[in-house]
Each structure stands twice: as C-alpha cells, then as structure tokens.
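Report on the structure given below.
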Number of protein chains: 2
Amino acid sequence: MATARSAQNAAEKRRIILDAAVRVFARQGFHTCRVSDIADEAGVAYGLVYHYFRSKDEVLDTLFLERWNVMLDAIREVDGQDILARKKLEAIAGFIIDSYRHDPDLMKVIIVEVTRAANSFGQTHLAKITEAYNLIGAVVEKAQASGEFRTDISPQFAAMAFYGAIEQVLTGWIFDSLPQSAGGFDEAKRLIVETICSGLDR
Amino acid sequence: MATARSAQNAAEKRRIILDAAVRVFARQGFHTCRVSDIADEAGVAYGLVYHYFRSKDEVLDTLFLERWNVMLDAIREVDGQDILARKKLEAIAGFIIDSYRHDPDLMKVIIVEVTRAANSFGQTHLAKITEAYNLIGAVVEKAQASGEFRTDISPQFAAMAFYGAIEQVLTGWIFDSLPQSAGGFDEAKRLIVETICSGLDR
DNA sequence: ACGTCGGTTGACTGACCAGTCAATCGCCAG
DNA sequence: CTGGCGATTGACTGGTCAGTCAACCGACGT
C-alpha cells in the first residue's frame, strides 16, 4: 500500500527527480548545474539522486532515451500507414513540434544537451540518433520508388535536410532567435513541410 | 627583426596556440579538454596560453569570431551581387561547405561547441549567430518582393530551414552519420540548394 | 515491543583543473 | 659588459563537485 501521508512510492520519487532534472538542465545546462541543484529542485537529499541513478550522466541518458524511443515508435507507426509520403512527413514534423509544445523544457534538454551536443552525449547515443535519420530516409526512399518524390536527391540527404530544418526552428524558438508568437506551431509545421516537400515532389 | 633561429614573433606564437586549440577542441571537445592539453599540442608551456589569452573561454571565442565574421562578410558580399536569389543561396551554401572542406576541425569546433551549444557559448554569441540567419532571411525576403520566391513562407523560417539543413549535413559528416564519400561536397551543395530552393520557387 | 529493511539523509573525500605568479631566459640598446 | 624588458616557464593554490558512506527514519510484520 502507498503511504497515506506522502502518496509517493519509489517509482514516483524517481519520476520527481527526473522531472526536477529536466527543469534544472533546461535552466542551467547539464555541464554547469550541480547534482545538488537537482536534489534541491526535487526537494530531496543529495544522496537520494544516487539511490535512483548511478551517476549524473545516467539521469540525462534516462531522459533522452525515454523520449527518443517514443519518437522512434511514432515515426515507425506513421511510416506503417498507407498514406502519401508528404502526409507522413507532415505527421512526423507535427509529432516533433507537438513534443516541443507539450514540454519545451524536455525538448530543449534533448536537443541542446544530446542531439546537438554530439561531442559529449551524442557520441554515446549516436546510434539511436542515427536511427531516426534512417527511418525518415526510408520514408523518402519508398516515396521515390513509388514515383511520389523525385529520384535525383539522396534519401539520406533529404532526411538530414528535413530533420535539420525542424531542429533549427525549435532551436530558434528555444533561444528566441525566431519569434514564437507569429502564426504559432501549426503554421510552423506547414512551413517546414511545405518548404522541404515541395523541393522533393516530382 | 624576426629571430633567425625560431622565425616566430609574438603574433605567430599566438597563431600556433590557436591552431593547436582547434585540433584539441575537435578531438576532445571544449569542456573535456584541459588547458594543458592545448599547451602540449602547441609545444609551449602552460602559462604561455595565459600570456596570449585571458582565459580558456577567450581561446574559443577568438576562434569562433575570426571565422564567423569571415562568413558574415561573405554572405553580405554575395547578397550585394546582382544575381538570382537561387544563385545567392547556392553561393552561401557553397561557402559554408567549402569552409568545412578546407578546415573540418575548425568547422567542427564552431558548430559543435558554439553554434549548436547555445546553452554555453552560443548564449554569448547569440547576436552574432542570429545575424547570419537575418542576412539569409533578407536574401529570401528580397526574392519574394521581386517575385522570384513564393510569398507564403516567412523569410525567417526559410532562413532557418536553409541554414539548419546545411548544418545538419555538416554534422552528419562530422560524426559519420552521413557517408562522406558518395558524391562528395559539390553533390551536397546541389542537393541542399535543390531541396530548399525548389520549395521556395514560385 | 522490537527487529528488519528499504528509503532517506547530508557531511565528507578525493580528484581535477583553471588561473596565478615568481623565477628564468634571451634579445637588444647603450 | 650590463641593465631592461618582453617572452616564456611550470609549480602551486584555491575552489569546485561527483560520488561515497555510515547513520538515521519509519512502516510493517511478528
């Protein structure tokens, strides 16, 4: 039975620490924050972080893998549908942008500290990251085979351009290089898919 | 007069340290390398680094600003020419890709440690980075006004998509997510401009 | 009452490293 | 020869933290 007073079992405490870590990493950055900052933010003792995680790195690893696997599943699911590649890319861009809309801090951490920090953490997770590029590349490749997309652009390049464009827009929002109000998220989806897909259409 | 023996004046020593820093940052990353690594790589004493630079940060700042200003000038120069926007974007993409071809280590450091590390150094140089986006955005905006590009895509988004696509391809090369042999650099230029510009053309 | 055991605490340690500084070198001018 | 001065050296210091660990808490079963 759960304790009546706190209503928190072990799994929930772990979650509380992870959620606190997202806020701290987003605010201060992984390298510049201290483990004690995470503990303070979560309202737990320093040592408890090490009860649930082997190291500071493992906290970030966990956050990244949790979310990234959800995204990979989403891409696979979209690719399995019997729709135009253009619609698939729309759905994928939509999923990523919605992820940001739903939890900007988490996406900021994943992009800034893992995806775009390929020297430190990206290196560890390079295979997982590349998997996403490959899945998107496969969507493009099939669309070329079916005649929907032009065939003179390498699917891998197209995937990179597509994903890079999305991530750059998110990064622009994250660091206020790109106004976030104008048009909003749905407008952004349209623009990215419009730009990239029109370039790929036959 | 220059010393006959070493043929190195103060400015050259400074350069030697900067070049060594590029190699060390590219190999180990800014955060994980020690200042002594830079000194060793340059073949000078630890303290000399602090004779020429106020701090470890200043070494990276210098490398970034040197190169970034060259790029901003190049973009301005291209934009001043009386050619189609498509040709301008081709020239800009070409310049960035050639920068990588000419000095992959330096571009790796700038992208990985500054441009894509907006939490740490990017924050300091955000204004400089944003300047590049704005210059590209201006190219697109003028092309829309002249009727060359469609007008239903915000110039700022287009600039982000364009720059993001290039940077992602470079990142792919840097970390071997994208094969570097196939087609080569000129092929890459064509593909990026083809993909983005065809999406922007009326 | 009492023992057990997972969860929880936070002071402490050991390692690391940016930046300092006093000493030394070697070129040149007088 | 000598004094000055910028360039160069590298041992040392001070502060920072990740990770450890021994002690403590409190729920629950017996």
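Convention: sequence-line order gives letters A, B, ...; per-chain numbering from 1.
Between His51(B) and the phosphate of dT8(D), there is no side-chain N or O to OP1/OP2 separation shorter than 4.0 Å. Put simply, Tyr50(A) has no side-chain N or O that comes within less than 4.0 Å of OP1 or OP2 on dT8(C). The shortest distance between the side-chain N/O atoms of Lys13(A) and the OP1/OP2 oxygens of dG7(C) is not below 4.0 Å. Tyr46(A) has no side-chain polar atom (N or O) that falls below the 4.0 Å cut-off from OP1 or OP2 of dC17(D).
Screening Ile136(B), Asp79(B), Ile75(B) against Lys88(B) for a side-chain contact (heavy atoms from CB on, under 4.5 Å) leaves a single residue, Asp79(B).
Note that OG1 of Thr115(A) is 9.5 Å distant from NE2 of His125(A), once rounded to the nearest 0.5 Å. Annotation: the span from Leu126(B) atom CG to Glu131(B) atom CD amounts to 11.5 Å, rounded to 0.5 Å.
No donor-acceptor pair closer than 3.5 Å links the side chain of Lys142(A) to the backbone N or O of Ala85(A). Lys108(B) contributes a side-chain N or O that, together with a main-chain N or O of Ala26(B), makes up a donor-acceptor pair within less than 3.5 Å.
Contacts of Ser55(B) with the nucleic acid, taken as non-hydrogen atoms under 4.0 Å apart, involve only primed sugar atoms and P, OP1 or OP2. Residue Phe53(B) is out of contact with every strand shown, counting any heavy-atom pair closer than 4.0 Å.
Taking atom CG of residue Leu48(B) and atom P of nucleotide dA18(C), one finds them 16 Å apart after rounding to whole Å. Counting to the nearest Å, the P atom of dA7(D) and the CD1 atom of Ile17(B) are 12 Å from each other. Distance Arg14(B) CZ to dT8(D) P: 13 Å, rounded to the nearest Å. Here the P atom of nucleotide dA18(C) and the CD atom of Glu58(B) are 15 Å apart, to the nearest Å. Regarding Glu12(A), its CD atom lies at a distance of 16 Å from the C1' atom of dG6(C), rounded to whole Å. As rounded to whole Å, 15 Å separates atom P of dT16(D) from atom CD of Gln28(A). Taking atom NE2 of His31(B) as the reference point, atom C1' of dA18(D) lies 17 Å away to the nearest angstrom.
The nucleotide whose nearest atom lies closest to any side-chain atom of Lys56(A) is, among dG7(C), dT8(D), dG19(D), dG19(D). Checking dC17(C), dT9(C), dG19(D) against the side-chain heavy atoms of Arg34(B) singles out dC17(C) as nearest. The side chain of Ala45(A) has dT9(C) as its nearest neighbour among dT8(C), dT9(C), dA18(C).
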